[in-house]
Amino acid sequence: MIGIHWFRFGLRMHDNPALLSAVNKCTSLLNVYILNPDVELNQDRVSDNRLWFLLDTLRCLDVKLREKGSQLHVCVGQPDHVITQLVKSTKATLLTYERQTEPHNVVRDEKVSSGMKEMGVQVDAVLGHTLFDPDKLLKLNGGSPSLAMKGFQTLVAKAGAPPKPQDAPADKLPPPPQLTLENSDELKLFKEVPELSDFKEHGYDIVNKTTSFKAGEDQAIETMEAFLAQKKRVATFEKPQTSPTSLEPDTTALSPYMSNGSLSCRLFYWGLMEAYKGRSHSQPPVSLEGQLLWREMAHLIGYSTPNFGRMEGNPVCRQIPWRTADDKDAKQMLDKWENGQIGFPAIDAVMNQLRTEGWMHHLARHLTACFLTRGDLWITWEAGRDVFEKYLLDADWHINNFSWHWLSCSAFFHQYFRCYSPVVFFKKTDPTGAYIRKHLPVLHKMPAKYIYEPWECPVANQQTAGCVLGKDYPKPPFNHSTVSKENMNKMKAAFDASKKAAAAAKEQKAGEPKAKKAKKN
DNA sequence: ATGACGTTGGAGCG
DNA sequence: CGCTCCAACGTCAT
């Protein structure tokens, strides 16, 4: 049988059930990755760092495939068109891929698989990106996801242990089939995995790559094993106790690998169980196991909630009258926020780390997400979500949307009177401002006393520090305490309004059957 | 109904 | 560093 294995997530050889399915069934197998020019090669949606990380991951994958007598073919084009052309060219009768659950990916895959059906091509869509089968979890829970961690833990307990990771293919892979394709405007096939600079026409260039993260499956496993070898650190890990201002990640920093599947979450889960063995250890939700459960819960909610990627029409999302980019002031603030020029050093440092590294600590994300939405700027979480999605190496549709719901008090978390302060929050873990100095070098010489509020620094000292406010670094556009208090009042109003709306909807629902009956009669 | 709790707040006290 | 209070959310167990 001639087959095509379509890599999307699951960019690895280990624990890759979809790839194994292809290898076991095929005498000839084409391994392909498709770059969609509207998605992966779109500067508005994917930063240079993120595309570089993807391409370098693909390069590592290609090396491994070549060691097994195969290789990775990288194409540019619309996925349904590319797959159709590849099937025609290779005369393949099997298409395999790892199943994805993001709504846009579900739509794409439905389109592709219905096309394959018409061509008489068998499609194997295999699970591998999460610990559990989302449909199985939904069924166990009566058809709906769990919106709180406690309930989710109960659900997971019912589901039993997640599958053990599978080994990488032991033998040589089936050789690639003959491929005769003419490059066209709609389809470009690369002989080798492309570099960032191959996409200059899309605005990408290797000189814009600034992240120090290293890509690929080997790096992922090495990082994981190095962390899991620290048995005490693993056993005592409590997420809220880790530091957002540490100069090196204080957490595992495995998320970039987990999000594109160069690391299997099942490999990590079972490695973690092994590291826990014979030790008392921290528990979910704060433990490392808990972090995997949060990921799983976000994926299940994102998969099963209509319109989870926006506020309107989203049944779990509180409707809040946020400002959008249509508001001129909001748009200006949004741009400053994205580019680290808002005037609060902690916020700007976090956003600079996001743009240069493509990763920040979870609590740093909390601080800046709270600031953008309910805390200070009162801007829609959807706008912040898009900025994070563009720059984060670990961008994960479900988790990103879930977290923005959480931080904006739109769902899952409701204590809007608990608000992060851009001046105070980082002082706890970084009183001297080492993190600020690293990610916001213009404040490098600012005295520790003023590092989080340089506008309080006497002008003479600003000059000595080489950072004059309003010239070298912006003055903050408002007073945080005043604005955050005003915003809390707005939140109170929005909560009241949504309670009222919920009560009205309930009443209407109660009245509905009667109305229908009345109509019938 | 009521109270405890919720992965990760801040301010002010000792 | 640990405690209480702030003004007060939704969820869940009792």
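Letters go in sequence order (proteins before strands), and every chain restarts at 1.
- For A/Lys427 and C/dC1, the NZ to C1' distance is 18 Å, given to the nearest whole Å.
- Scanning all heavy atoms of the two residues, the minimum distance from A/Gln153 to A/Pro284 falls at NE2-CB, 3.7 Å.
- For A/Asn314 (side chain) and A/Arg310 (main-chain N/O), a donor-acceptor pair under 3.5 Å exists by modelled atom type.
- Applying the 6.0 Å contact sphere to NE2 of A/His104 captures more than 12 heavy atoms from other residues, nucleotides or ligands.
- Residue-level contact check: A/Arg365 touches neither bases nor backbone, having no heavy atom under 4.0 Å from any strand.
- Taking the centre of each ring, A/Phe308 and A/His405 come in below the 6.0 Å mark.
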(request) Could you check A/Tyr435 against A/His439 for ring pair (Phe, Tyr, Trp, His ring centres under 6.0 Å), going step by step and ending with a plain yes or no? (result) CA-CA 6 Å; A/Tyr435 174 88; A/His439 293 288; 4.7 Å; yes

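- Each of A/Thr210, A/Asn208, A/Thr211 was scored for a side-chain hydrogen bond (donor to acceptor under 3.5 Å, both in side chains) with A/Asn49, with one residue passing: A/Thr210.
- Taking the six-membered ring for Trp, A/Phe412 and A/Trp404 have ring centres at least 6.0 Å apart.
- For DNA chain B, none of the residues of residues 493-503 of chain A falls under the heavy-atom distance limit of 4.0 Å.
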(request) For nucleotides 7-14 of chain B, just jot down a letter per nucleotide in 5' to 3' order: B, S or -, based on protein non-hydrogen atoms under 4.0 Å. (result) BBBSS---

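- Taking the nucleotide of DNA chain C with the nearest heavy atom to each of A/Asn489 and A/Leu147, the more 5' of the two is matched to A/Asn489.
- Paired regions of DNA chain C, where each region holds three or more successive Watson-Crick or G-U pairs whose two hydrogen-bonding distances fall under 3.5 Å, are B:1-6 with C:9-14, B:9-14 with C:1-6.
- Here the side chain of A/Ser264 pairs a donor or acceptor atom with the backbone of A/Leu267 at under 3.5 angstrom.
- Under 4.0 Å is where a charged nitrogen must lie from a carboxylate oxygen, and between A/Asp135 and A/Arg99 at least one such pair does.
- Nucleotides B/dT7 and C/dC6, compared at atom P, are 25 Å apart to the nearest Å.
- Taking atom CE of residue A/Met297 and atom C1' of nucleotide C/dT11, one finds them 12 Å apart after rounding to whole Å.
- Nucleotides B/dC5 and C/dA8 have their C1' atoms positioned 14 Å apart, rounded to a whole Å.
- Residue A/Lys492 has a polar side-chain atom (N or O) positioned under 4.0 Å from OP1 or OP2 of C/dC9.
- Distance check on atom P: C/dA7 versus B/dA1 gives 27 Å, rounded to whole Å.
- Dense packing is recorded around CG of A/Asn489, with more than 12 heavy atoms of other residues, nucleotides or ligands lying under 6.0 Å away.
- In the displayed structure, A/Lys449 atom NZ is contacted under 6.0 Å by at most 12 heavy atoms of other residues, nucleotides or ligands.
- Atoms CD1 (A/Ile320) and P (C/dC9) sit 14 Å apart, rounded to a whole Å.
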